[in-house]
Each structure stands twice: as C-alpha cells, then as structure tokens.
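Reviewing the structure listed below.
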Amino acid sequence: MSEITYVRGDATAPSVKGVKLIAHVCNDIGGWGKGFVLALSRRWPEPEAAYRAWHRDRAHNDFGLGATRFVQVEKYVWVANLIGQRGTRTGSKGVPVRYEAIDTGLAHVAVKAAELDASVHMPRIGCGLAGGDWSRVEPLIMRRLVERGVAVTVYDYGA
C-alpha cells in the first residue's frame, strides 16, 4: 500500500508534475492571519478572498465545520480551504482542532483530487495553531486519500 511522502519544504510550492491540490485547515470564525494561511496569501490572493467571501455569506451557504471550498490559483494548482477547527483559541473545550471536521473535509478533498487527477500537498494540517495531534490526523489522511490511490505529500517547513 502507498504511504504519505514527507519532505522538508514549502507546501505552497510543490515541485511535482501534474495537477496539485494544496489542502489546509481554516477556522470557523472567519479568521485568516496566522500560520500557514500567511504563506498562501503571500503567493496568491484568491484563497483568502474566497474564504472571506464564503464566511461573510455563511448564512446562505455551507460554511462550517467539515465544509471545503476549492480555489484554482494557477493552471495546475488548486487550494482546498477546509474548515477543520472551532475558533482559534484553546479554552475549556480544549484545542481548536476538530478531527471529525478534518475527516469530513478530507473526504471532499479525495473527491476533488480524483476529479482533477491531482496529487495532494499539505503542511501537517490541524497540528499547528489548531493544536492537533499528528498521530490522530495522519490516519485520517491515510484512510480518506492514500488508501484511495491519491498521492499525498506532507511538508515540514524550515530546518
């Protein structure tokens, strides 16, 4: 069976051939300004603009935990804005990550990746500012993507 490929580098700059789908986790309160989203915004304005518009019109759309929106940013590059964290702060209900929402969002990513015949690229989603545990996220990626034949690369930025 295939595995997840781990590399050091920038998930916003995958260097493989073919269509690439960059997946990342967003919060459910409309906040965009810390973590991996800053790298996305430095490269392309569209993912942030799409996320903010989606949140602004949330009374009339599917914005919420588990929902995913896909934004084409280059001819062969798409970004998946996946709502996988409740708020932005750790509080009485624990860390912001919501594993069930990530699982649901990854199911949407699998469908889109198959439709586009794309490989999927991501940081360790849900494990930075969202406070998640990679040992809980990795099996979701395996089940939703890798076991369905989707090539997945996870990027660790920096040293």
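Please read these numbers as outputs of a predicted model, since none were measured by experiment. Quick note: residue numbers are just sequence positions, from 1.
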*Salt bridge check: are D28 and R98 linked by an N-O gap of less than 4.0 Å?*
no
*So, do L129 and T88 sit near enough that their side-chain heavy atoms are less than 4.5 Å apart?*
no
*Kindly work out whether a path of hydrophobic side-chain contacts (I/L/V/M/F/W/Y, heavy atoms less than 4.5 Å apart) joins M142 to Y6.*
yes
*asked:* Check the orientation of H55 and F63. Use parallel for under 30°, tilted for 30 to 60°, and perpendicular for over 60°.
replied: perpendicular
*If a pair satisfies ring-ring contact (aromatic ring centres under 6.0 Å, His included) and one of its residues is in residues 73-129, list it, with sequence neighbours excluded.*
H121-Y155
*For W54 and D62, what are the C-alpha separation, side-chain angles and deciding distance, and is it a side chain to side chain donor-acceptor pair (under 3.5 Å)?*
CA-CA 8 Å; W54 186 25; D62 65 343; 2.9 Å; yes
*Would a hydrophobic clustering, with Ile, Leu, Val, Met, Phe, Trp and Tyr connected at side-chain separations under 4.5 Å, put V120 with V77?*
no
*Can you find a heavy atom in the side chain of W44 that is under 4.5 Å from one in the side chain of E74?*
yes
*Would you please name every residue forming a salt bridge (charged side-chain N to carboxylate O under 4.0 Å, His left out) with R52, sequence neighbours left out?*
E48
*Determine, using the 4.5 Å side-chain heavy-atom cutoff (strictly less than), whether V95 and F36 are members of one ILVMFWY cluster.*
no
*Before giving the answer on side chain to side chain contact (heavy atoms under 4.5 Å, CB included), spell out for I102 and V25 the whole-Å C-alpha distance, their side-chain angles and the decisive distance to 0.1 Å.*
CA-CA 8 Å; I102 290 175; V25 166; 4.0 Å; yes
*Quick one: closest heavy-atom pair of A130 and P96, and the distance?*
O-CD, 3.2 Å
*D57 atom CG, over 12 foreign heavy atoms within 6.0 Å*: yes
*Given L65 and R86, is the side chain to side chain contact (heavy atoms under 4.5 Å, CB included) satisfied, shown in steps?*
CA-CA 7 Å; L65 289 170; R86 164 94 53 213; 3.1 Å; yes
Quiz: residues 12-22 side-chain donor-acceptor pairs under 3.5 angstrom, not counting sequence neighbours:
unit_1: T12; atom_1: OG1; unit_2: D10; atom_2: OD1; d: 2.7
unit_1: T12; atom_1: OG1; unit_2: D10; atom_2: OD2; d: 3.0
unit_1: T12; atom_1: OG1; unit_2: R43; atom_2: NE; d: 2.9
unit_1: K20; atom_1: NZ; unit_2: V16; atom_2: O; d: 3.0
unit_1: K20; atom_1: NZ; unit_2: G18; atom_2: O; d: 2.6

*Heavy atoms only: give me the nearest T68-G105 pair and the separation to one decimal.*
OG1-CA, 3.3 Å
*Any side-chain heavy atom of L145 sitting closer than 4.5 Å to one from L106?*
yes
*Is it the case that more than 12 heavy atoms not belonging to R148 sit under 6.0 Å from its CZ atom?*
yes
*Determine yes or no for a side-chain-to-main-chain donor-acceptor pair under 3.5 angstrom, with N81 supplying the side chain and V71 the backbone.*
no
*So, for G64 and I83, which heavy atoms are closest and what is the spacing to 0.1 Å?*
O-CB, 3.2 Å
*Common cluster, L38/V79, ILVMFWY with side-chain heavy-atom separation under 4.5 Å*: no
*Would a distance-only check, ignoring hydrogens and angles, find a side-chain to backbone donor-acceptor pair under 3.5 Å from Q72 to K75?*
yes
*Flag side-chain contact, heavy atom, 4.5 Å: V109 against F70*: yes
*Do side-chain atoms of N27 reach the backbone of G30 as a donor and acceptor pair under 3.5 angstrom?*
yes
*Hey, are the side chains of W134 and I141 touching, using non-hydrogen atoms and a 4.5 Å cut-off?*
yes
*Heavy-atom closest contact (P123 atom, A23 atom, distance)*: CD-O, 3.6 Å
*Begin from the C-alpha positions of V7 and D156 and carry the test side chain to side chain contact (heavy atoms under 4.5 Å, CB included) through to its verdict.*
CA-CA 6 Å; V7 298; D156 288 313; over 6 Å; no
*Write down the atom of G31, the atom of Y51, and the distance for their closest heavy-atom approach.*
N-OH, 3.4 Å
*Would you check if R143 and D103 make a side-chain contact, meaning some heavy-atom pair closer than 4.5 Å?*
yes
*Does the side chain to side chain contact (heavy atoms under 4.5 Å, CB included) test come out yes or no for L82 and H24, once each step is laid out?*
CA-CA 6 Å; L82 188 166; H24 73 108; over 6 Å; no
*Taking the side chain from E115 and the backbone from D117, do they hold a donor-acceptor pair closer than 3.5 Å?*
no
*Of the non-hydrogen atoms in R69 and N61, which two are nearest, and what is the gap between them?*
NH2-CB, 3.7 Å
*Can you tell if the side chain of R124 reaches within under 4.5 Å of the side chain of V137, non-hydrogen atoms only?*
no
*With a 4.5 Å heavy-atom cut-off, do I4 and E138 have their side chains touching?*
yes
